[in-house]
Amino acid sequence: MISLNKKKFYITTAIAYLNGKPHMGHALEIIQADCLSRFYRLFDEGLVFQTGADEHGMKILNTAQEKGIEVTELLNENYQAFIDFYNLLNISFDKYVRTTSKIHKDGASKLWKTLVDNGDIYKGTYNGLYCIGCEAYKTYNELIENKCPNHPNREIITLKEDNYFFKLSKYIDKLIKIYDNDEIEIIPKRRKAEILNILKEELDDISFSRQKEKMPWGIPVPGDDKHVMYVWADALSNYITNIGYEFSPKEFKSIWPADIHLIGKDIIKFHAIYWPAILLSAGLELPKKLFIHGFLTVEGLKIGKSIGNVSDPLILLEKYGVPIFRFYLLKNIPTYDDGSFSENDLIQIYNNVLADDLGNLVLRILTFIEKDFDLHYPPLFSLSVEDKEYIKEFNFIDELKGFFNDFQINKALDRIWEFVKLTNKFINDRKPWELKKNNNNKGYSTLLYVLLEGLRIISIYLKPFIPSISERILNLIGKDKEYNFNDIDFNPDFKDKINKKEVLFPKIEIKMESKEEKEIDNNITYEDFQKLDIRIAIIETVEKVENADKLYKLSVDLGYEKRIIVAGLAEYYTIEELKGKKITLLTNLKPRKIRGILSQGMLLAADDGKLVSILIPDKNVDLGSKIQ
RNA sequence: AGGGGUGUGGUCUAGCUUGGUGGAAGACGUCGGUUUCAUGUGCCGGAAAACUUGGGUUCAAAUCCCAACACCUCUACCA
């Protein structure tokens, strides 16, 4: 029953930063959002699912410059990559917002003006750490011993810059009340305390604009074209700009407020504090729920460009296909916490869950139909007691709804799987092959009809998770209707044709030689070894690193050059033991900041788990001697 | 550095908000049995083993508090 005036259910994801290509983390969030959307759509109510792209930001400019291309070129390239990615993953988004679009810019401008009218935006000065060498602001974290890593010899100065600010502080008390009263529901609940903690800290007003020359393609601040909007005004507003905030009050009213903002745990503060404050100022309704998901680690390692293990989802997708990828992420990754992605687990889930439980179930039922009913629906006679009991188990929509409302997607899937297993057990208990042998043709026929209904029910339930598989099963049992939760009841009227049985999930052979391959990979050539520039150096001075128990800061002399390195030796060597020692040093290791100190090399040492021993030359070779 | 979060069997996860149904659960793996319609599948059963560590509160702690360790996250923009 769709009522025209009824507000639509509105789900959003965070918009993706178009600085790079999609990775595993993006896949997780968008698949979760898609699953939520498809689930709520099964209730036959209007729904809007929006995702999009953040196309402003200094890093985009930097990346474009590094690649030597125009910003727009980079953006369009990455935009296309994301769209292709979403299409491949079968993502059913209704709206896609680009922050460079006119609609968005107009909306953001309107929002800005509204905040100005309400007296919440003012001009102030922003104090930033500025590197003269880079001609750019630096964050505290980027600095190494208070110096810019790229220009260690140049000064970092505090630079004042005119900026517009938003009066966040004005809304703190209101926000505390809002969370105390659960006006915005935070899921998982434990994160609520986290938010209240942040609110009770000192929160300054937030900087709301940047000088235009830094981001020339940004959204101009209304009435001051020397400034462009900063991320809070620009990006967060996507949730309203694209659904008619500026251009269609009617559409806007039918969609806003958001029912669910799905976000990652790193952007809680922006969505739980900044965004509601902005909405309060603009006099708009607040979103109803924030679903906060964890992060993915891949084979135990964090996903991140810096580590370089952004294991490419596209390769996995090509290898295994979309359904298993979705199924695995939704089943095995907890929604409340971090989860770990493992290719091996994915194969296990595929073989042991999808193939053994579901694939086999479909196959075993269809085999009977193909053999004994010439691919037609078996005639339905009176239902047995057992049949009726089984049919009673069809409807567990409310349980699923409970799980979904609490963002427990994996639990919902587990519940559905209970039904899949129940169906397998039901077959075992009823033994259709014996009914047939005993010439109980009516019972046999009726049972199979009921089982086909079971498959139809399973398909409907699986729609949000693996839509393509759901469709395939329905197609096998001769159904092409767009089912929803109104169709969960037992339907005694089917007479259509059934299609030939089919193995839905051919097993994946686990290749045992993968280990051998790895061993071969572990062999390196002499040329590989020569890439390592290992030399003899002498330790000149040693000092403890502040606030670090295990670290020493060493200055070493290579004969031709002196270096500062950081080594985790404090638990194993005293300062005196190290001073003056000749050591082996990997000199061309990429320098890395450790506890604020740039370590320009790595001291080689042996570690057996208990003891650590530095490697020292057996004879008195010259400083700078190369090890080969 | 400072704020916050998390830490459960071989593996992946429930449970923690509001302490007690716990001799800690489920799935996968493993072992045994059994069935045959089906993809060495299904079903039944067993074994084994774990709440990071150390304190504290309590009649009672996986759950609340404190500390240590590890990982994650935020502190002007990587889910």
Side-chain angles (χ1 to χ4, degrees), chain A residues 13-17 19-20 22-30 32 54 56-60 126 128-129 137-141 163 188-195 197-198 201 206-208 210 230-232 234-235 262-270 292-297 300 302-306 310 328 331-334 336-340 342 344-345 348-349 351-353 355-357 359-372 408 410-411 414 417-418 421 423-429 431-434 436 448 501 503-507 546-548 595-596:
Chain A
T13 69
I15 51 177
Y17 197 51
N19 187 31
H23 57 60
M24 202 64 86
H26 294 111
L28 178 70
E29 179 170 304
I30 201 78
Q32 287 176 342
D54 180 0
H56 293 128
M58 295 285 294
K59 277 196 186 163
I60 288 174
Y126 161 69
L129 301 164
Y137 286 102
K138 297 280 150 183
T139 68
Y140 175 77
N141 263 345
N163 261 187
K189 288 197 174 74
R190 61 178 152 79
R191 300 244 182 231
K192 191 173 118 178
E194 202 175 325
I195 291 162
N197 260 320
I198 300 173
E201 281 172 17
I206 48 178
S207 171
F208 233 44
R210 285 289 175 278
Y230 186 53
V231 64
W232 318 126
D234 177 345
L262 178 60
I263 61 168
K265 65 177 182 180
D266 55 333
I267 49 178
I268 292 176
K269 189 171 168 183
F270 317 141
I292 299 159
H293 66 75
F295 288 164
L296 265 184
T297 54
K302 190 196 161 196
I303 296 174
K305 290 183 285 257
S306 46
V310 187
Y328 168 74
K331 175 167 173 55
N332 242 41
I333 304 300
Y336 283 12
D337 283 301
D338 292 355
S340 72
S342 143
N344 189 48
D345 285 356
Q348 297 283 330
I349 295 275
N351 281 341
N352 302 325
V353 180
D356 286 355
D357 294 341
N360 184 53
L361 174 67
V362 171
L363 193 71
R364 69 195 294 209
I365 294 173
L366 290 185
T367 303
F368 291 111
I369 306 294
E370 197 167 318
K371 253 191 221 161
D372 295 318
Q408 295 182 299
N410 43 356
K411 279 192 174 180
D414 284 345
W417 227 253
E418 262 179 48
K421 293 205 161 219
T423 305
N424 266 322
K425 186 163 152 45
F426 179 59
I427 295 176
N428 260 55
D429 294 346
K431 299 185 175 48
W433 52 93
E434 278 187 13
K436 182 184 162 187
L448 283 170
K501 70 176 176 183
V503 171
L504 287 177
F505 308 104
K507 292 243 173 156
E546 269 180 65
N547 301 318
R595 281 282 194 242

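By convention in this document, chain letters (A, B, ...) are assigned in the order of the sequence lines, proteins followed by strands, and residues within each chain are numbered from 1. Only this structure's heavy atoms are used, side chains among them; waters, hydrogens and symmetry mates stay out. Just so it is clear, the model here is predicted, and its values are computed rather than measured.
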[atom1] spacing across the pair [N] / [M], given as an integer number of angstrom:
| N | M | atom1 | answer |
| --- | --- | --- | --- |
| B:G32 | B:A38 | C1' | 23 Å |
| B:U58 | B:G20 | C1' | 12 Å |
| B:A67 | B:G3 | P | 10 Å |
| B:A62 | B:A50 | C1' | 11 Å |
| B:A79 | B:A70 | P | 27 Å |
| B:U52 | B:G15 | P | 15 Å |
| B:G4 | B:C12 | C1' | 26 Å |
| B:C43 | B:U35 | C1' | 7 Å |

Among [options], which is the nearest nucleotide to the side chain of [X]?
| X | options | answer |
| --- | --- | --- |
| A:F368 | B:C37, B:C77, B:U39 | B:C37 |
| A:R190 | B:G5, B:C44, B:U13 | B:G5 |
| A:N424 | B:A79, B:G5, B:C43 | B:C43 |
| A:D345 | B:A38, B:U11, B:A79 | B:U11 |
| A:T367 | B:U39, B:C37, B:C77 | B:C37 |
| A:F295 | B:G5, B:C78, B:A79 | B:A79 |
| A:K265 | B:U41, B:C72, B:A79 | B:C72 |
| A:E194 | B:G5, B:A79, B:U39 | B:G5 |

Classify [X] by what it touches in the nucleic acid, base, sugar-phosphate, or nothing, heavy-atom distance under 4.0 Å.
| X | result |
| --- | --- |
| A:G339 | sugar-phosphate |
| A:N410 | sugar-phosphate |
| A:K189 | base |
| A:H56 | nothing |
| A:K371 | sugar-phosphate |
| A:Y230 | base |
| A:P432 | nothing |

Relative to the ring of A:W433, is the ring of A:F368 parallel (under 30°), tilted (30 to 60°) or perpendicular (over 60°)?
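Answer is parallel, since the angle falls under 30°.
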Parallel, tilted or perpendicular: rings of A:W232 and A:Y230 (30°, 60°)
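Aromatic pair A:Y230/A:W232 classed perpendicular.
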Dot-bracket notation for RNA chain B, counting Watson-Crick and G-U pairs under 3.5 Å, with | for partners on another strand
(((((((..((((......[....)))).(((((.......))))).....(((((..]....))))))))))))....
If the condition is side chain to side chain donor-acceptor pair (under 3.5 Å), which residues does A:R191 pass it with, not counting sequence neighbours?
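Side chain to side chain donor-acceptor pair (under 3.5 Å) list for A:R191, sorted by chain: A:E194.
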So that I can tick it off, tell me whether A:R190 and A:D337 are bridged by a salt bridge, with the cut-off set at under 4.0 angstrom between side-chain N and carboxylate O.
yes
Within the pair A:K411 and B:G15, is there a side-chain N or O less than 4.0 Å away from OP1 or OP2?
yes
With heavy-atom distances below 4.5 Å as the criterion, would you say the side chains of A:D338 and A:K265 are in contact?
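Answer yes - side chains close enough.
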Looking at B:A79, does its base get a donor-acceptor pair with the side chain of A:D266 below 3.5 Å?
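Such a pair does not exist between side chain and base.
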The contact string for nucleotides 28-36 of chain B, one letter per nucleotide 5' to 3', using protein heavy atoms under 4.0 Å with B, S and - for base, sugar-phosphate only and none, comes out as SS-----SS
